[in-house]
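A short write-up of the structure that comes next.
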Amino acid sequence: QVQLVESGGGVVHTGGSLRLSCAYSGFPEYPYAIGWFRQAPGKEREGLSCISESDGTTYYTDSVKGRFTIFRDNTKNIVFLQMNSLQPEDTAVYYCAGDINYSGNYYYTMNYGMDFWGNGTLVTVSS
């Protein structure tokens, strides 16, 4: 049974940092990928970043490049999202999700390929 559980959300001031964690379990053997998404109130869900669990290749959407970093601890089945220089517009519920048959096509995975989702963790950036 595949499960993903996010943690690490909270309230932070503008310019601050947070590190989100995604603990996952039940995935089959490689290839699979874990991605981070967010959804702000009244807005559509936005894909942020993705990491291949087999080789660690990472991808970022333009809006977070240079501020967010995705990395993994394969020994513990955790994927992290380090978020720096947070702004009020980063306020959202952040979700991690898993593609259990990652082809290496980042665009497809982030838009269509995620098979399982966590319940989300709320990040609030105060001005």
Exercise. Do Leu20 and Glu6 have side chains that get closer than 4.5 Å, going by heavy atoms?
Worked result: no
Exercise. Tell me, do Glu53 and Phe27 make a side-chain contact under 4.5 Å, heavy atoms counted?
Worked result: no
Problem set entry | Shared hydrophobic cluster for Val125 and Tyr94 (ILVMFWY, side-chain gaps under 4.5 Å) | yes
For this session: Please answer whether the main-chain N or O of Gly66 pairs with a side-chain N or O of Tyr60 as donor and acceptor at a distance below 3.5 Å.
Result: no
Exercise. From Thr61 OG1 over to Leu48 CG, what is the distance, rounded to the nearest 0.5 angstrom?
Worked result: 7.0 Å
Problem set entry | Whether Tyr107 and Tyr112 hold their rings parallel, tilted or perpendicular, with breakpoints at 30° and 60° | perpendicular
For this session: Output every pair passing side-chain hydrogen bond (donor to acceptor under 3.5 Å, both in side chains) with a member in residues 41-50, not counting sequence neighbours, ordered by first then second residue.
Result: Arg38-Glu46, Glu46-Ser63
For this session: Please tell me if the side chains of Cys22 and Leu4 come closer than 4.5 Å, counting only heavy atoms from C-beta onward.
Result: yes
Exercise. Any chance CG of Asn119 has more than 12 other-residue heavy atoms, nucleotides or ligands included, within less than 6.0 Å?
Worked result: no
Exercise. Rounded to the nearest 0.5 Å, how far does CG of Asp90 lie from CG of Leu18?
Worked result: 10.0 Å
For this session: Report whether Phe37 and Leu122 are members of the same hydrophobic cluster (ILVMFWY, side-chain heavy atoms less than 4.5 Å apart, transitive linking).
Result: yes
Problem set entry | With Asp62 via salt bridge (Lys or Arg N to Asp or Glu O under 4.0 Å) - residues at least two apart | Lys65
For this session: Please tell me if the side chains of Thr109 and Cys50 come closer than 4.5 Å, counting only heavy atoms from C-beta onward.
Result: yes
Exercise. Do Phe68 and Tyr106 sit in the same hydrophobic cluster, where Ile, Leu, Val, Met, Phe, Trp and Tyr count as joined when their side-chain heavy atoms come under 4.5 Å apart?
Worked result: no
Exercise. Is there a side-chain contact between Arg72 and Tyr24 (heavy atoms, below 4.5 Å)?
Worked result: no
Problem set entry | Ile100 backbone acceptor or donor facing Asp115 side chain under 3.5 Å | yes
Problem set entry | ILVMFWY network linking Ile70 to Phe116, side-chain heavy atoms under 4.5 angstrom | yes
For this session: Indicate whether the side chain of Asn105 and that of Ser103 have a donor and an acceptor atom separated by less than 3.5 Å.
Result: no
Exercise. Among the clusters formed by ILVMFWY side chains lying less than 4.5 Å apart, do Trp36 and Val12 turn up in the same one?
Worked result: yes
For this session: Flag yes if more than 12 heavy atoms outside Phe71 fall under 6.0 Å of its CZ atom; otherwise flag no.
Result: yes
Exercise. When you measure from the side chain of Thr14 to the backbone N and O of Gln87, does any donor-acceptor pair fall under 3.5 Å?
Worked result: no
